[in-house]
Amino acid sequence: MIDITEVFIDTLAPNSAAIKNGQGLVKKRRFVQLNQSEDGVVLFGECGGSGSSNYYPSADFVVSDKPVMRCTCPSRQIPCKHVLGLLYAYVGKETFVSATIPEDLAVKREKMSKREERKSELAAEGANVKPKKVNKSALKKKIGAQLEGLAVLEKLTQSLIRAGLGTIDAKGVKDIQVHVKMMGNYYLTGAQIELRRLALLLSSTDNREKTYSLAIEQLTRIHAFIKKGRAHLTMKLEDPDLSLNNESTIEEWLGHAWQLTELKECGLMSSDVELIQLSFLSYDDAARQEYVDLGYWIEKSTGNIHRTLQYRPYKAAKYIHEEDSFTDVALIPSLYHYPGDRNRRVRFESMSTRPLTNQDVEWIVSKASHSFSESFKQIKNQLKNPLADKNPVMLLHVNKISKSQQDQFVLTDESGQYLVLDQIVALEQDTLALLQYFTLEELSDTTMLLMFEHQLDTGRLKAQPLTLIKGIEMIRLLY
């Protein structure tokens, strides 16, 4: 028996259009035949196609959380709509007739089985092999180039500050863009992103006062990166092993792409973890020149809130699976943690699922902070580090909610400490408008997942709600 849910199938789909098309095939009764192997682990069938010939999709669940999906259609998407339709038909309780696996599919399964056996043998052989040695000479040259690049970056930022932001015109922005390309030659991809973000800010024709405030904050961030990056690289050159720093985000800022094997070697992996997604959003990050899929998850064993991040470069976006909201509980065999502070980035390669229960939601509510002052202290401590995530999230219990004279929502905790909700720069969606559909009584005695942001001009924290939890009902405000 194959134990899958519709939510699990959604996670396999490359995009929302594929989900809609796959479900459409079932609704339109396009499947001529639906079969399940005698051992129960393979689904296969025949589906009417757009041409004269039918297509033959299949899904092999010999490894339950990583099905092998095939189809005879010409689509380059994996899985295609025909495979998705096959899976939706299965969870929709359509009748699957037990049958012998077709010969061509059996041959492919056998070849795959042999490949997996060989991989296991190689893994076993490599278990006692020493890790691949680092080319220290090449790494030292790279570090030297990065230090040189930081000096170039520092010279640029100092000239911008001396001249004043108000003097930066189109020519000045173009010069920043030239330096963006230069940073690539110095292996400083983090600097490229932050400089491009600065150029985009200074190119904006919106509220200039607000733009300059954000630009000053961005220059502060770049200055901190130069200072911390130089100190880290200098110290690294003095280390005979040229070891990676697994306690802070500086390696990522300097362009290091952490491998899962490295995270495991650093002790940044946990086993058999349950994650529940609290919120999800996708957005276009022009500074990165990528689409970003961002999920916030709470870990059942610890109550910590993590982030999953998937970057889809513009040029390759259509070939990369687009993440989406996830409403089941994810059962993760191996969870990898990136270095960092609150809301650390995590990754996982495989998962199984179980339905979210009322008890799970009640547990989430129990993990919410009841003290605003203590929560604010924790968030401000993180934001003291300019290289930390600028928009941490936290679960807070709201004792009461009211409206200010300026018609803003005001949250109050049990001690009377208050927090004014406001639209933050990091979120393009106005979730505050959705609160108008609730009465103030309905929003009181509620748990909220809030995203925070520091206001440079006032020095105060502001927050915007991402998710509401009332009783056992979880309401996501992002869509």
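When a residue number appears, it is its place in the shown sequence, counting from 1.
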Whether the [X] and [Y] side chains hold a donor-acceptor pair (N or O, under 3.5 Å, no angle test) is what I'd like checked.
{"X": "Gln177", "Y": "Arg196", "value": "no"}
{"X": "Ser371", "Y": "Ser369", "value": "no"}
{"X": "Arg476", "Y": "Gln277", "value": "yes"}
{"X": "Tyr314", "Y": "Asp284", "value": "yes"}
{"X": "Ser270", "Y": "His337", "value": "yes"}
{"X": "Ser271", "Y": "Ser334", "value": "no"}
{"X": "Asn399", "Y": "His370", "value": "no"}
{"X": "Asn21", "Y": "Gln23", "value": "no"}
{"X": "Thr431", "Y": "Gln464", "value": "yes"}
{"X": "Tyr88", "Y": "Asp10", "value": "yes"}
{"X": "Glu262", "Y": "His256", "value": "yes"}
{"X": "Glu322", "Y": "Asn15", "value": "no"}

Could you name each residue pair satisfying ring-ring contact (aromatic ring centres under 6.0 Å, His included) that touches residues 56-86, not counting sequence neighbours? Tyr55-His82
Of all pairs that satisfy ring-ring contact (aromatic ring centres under 6.0 Å, His included), the ones with a partner from residues 418-450, not counting sequence neighbours: none
Would you please indicate if the ring centroids of Phe326 and Trp297 are separated by under 6.0 Å? yes
Mind checking whether Tyr90 and Phe96 have ring centres under 6.0 Å apart? yes
Against the six-membered ring of [Y], is [X] placed for a cation-pi contact (under 6.0 Å from the centre, within 45° of the normal)?
{"X": "Lys403", "Y": "Phe409", "result": "yes"}
{"X": "Lys300", "Y": "Trp363", "result": "yes"}
{"X": "Arg345", "Y": "Tyr338", "result": "yes"}

Under a 4.0 Å N-O cut-off, is there an ion pair linking Arg354 with Asp328? no
Do the side chains of Arg312 and Asp293 get close enough for a salt bridge, i.e. N-O under 4.0 angstrom? yes
Might you work through the side-chain contact (heavy atoms from CB on, under 4.5 Å) test for Met448 and Leu396, ending with a clear yes or no? CA-CA 5 Å; Met448 289 189 183; Leu396 294 185; 5.5 Å; no
Kindly determine whether Arg197 and Asp285 satisfy salt bridge (Lys or Arg N to Asp or Glu O under 4.0 Å), including the steps that lead there. CA-CA 9 Å; Arg197 204 177 302 283; Asp285 190 333; 3.2 Å; yes
Around Glu428, counting heavy atoms of other residues, nucleotides and ligands shown, do more than 12 lie under 6.0 Å from its CD? no
Does atom CG of Asp3 have more than 12 heavy-atom neighbours from other groups under 6.0 Å away? no
Looking at residues at least two apart in the chain, or sitting in another chain, which of them share a ring-ring contact (aromatic ring centres under 6.0 Å, His included) with Tyr311? none
Is the shortest heavy-atom distance from the side chain of His306 to the side chain of Glu299 under 4.5 Å? yes
Donor-acceptor pair, side chain of Gln423 and main chain of Leu427, under 3.5 angstrom: yes
Audit row: Leu356, Ile276, side-chain contact (heavy atoms from CB on, under 4.5 Å) steps and yes/no: CA-CA 8 Å; Leu356 182 71; Ile276 301 172; 3.9 Å; yes
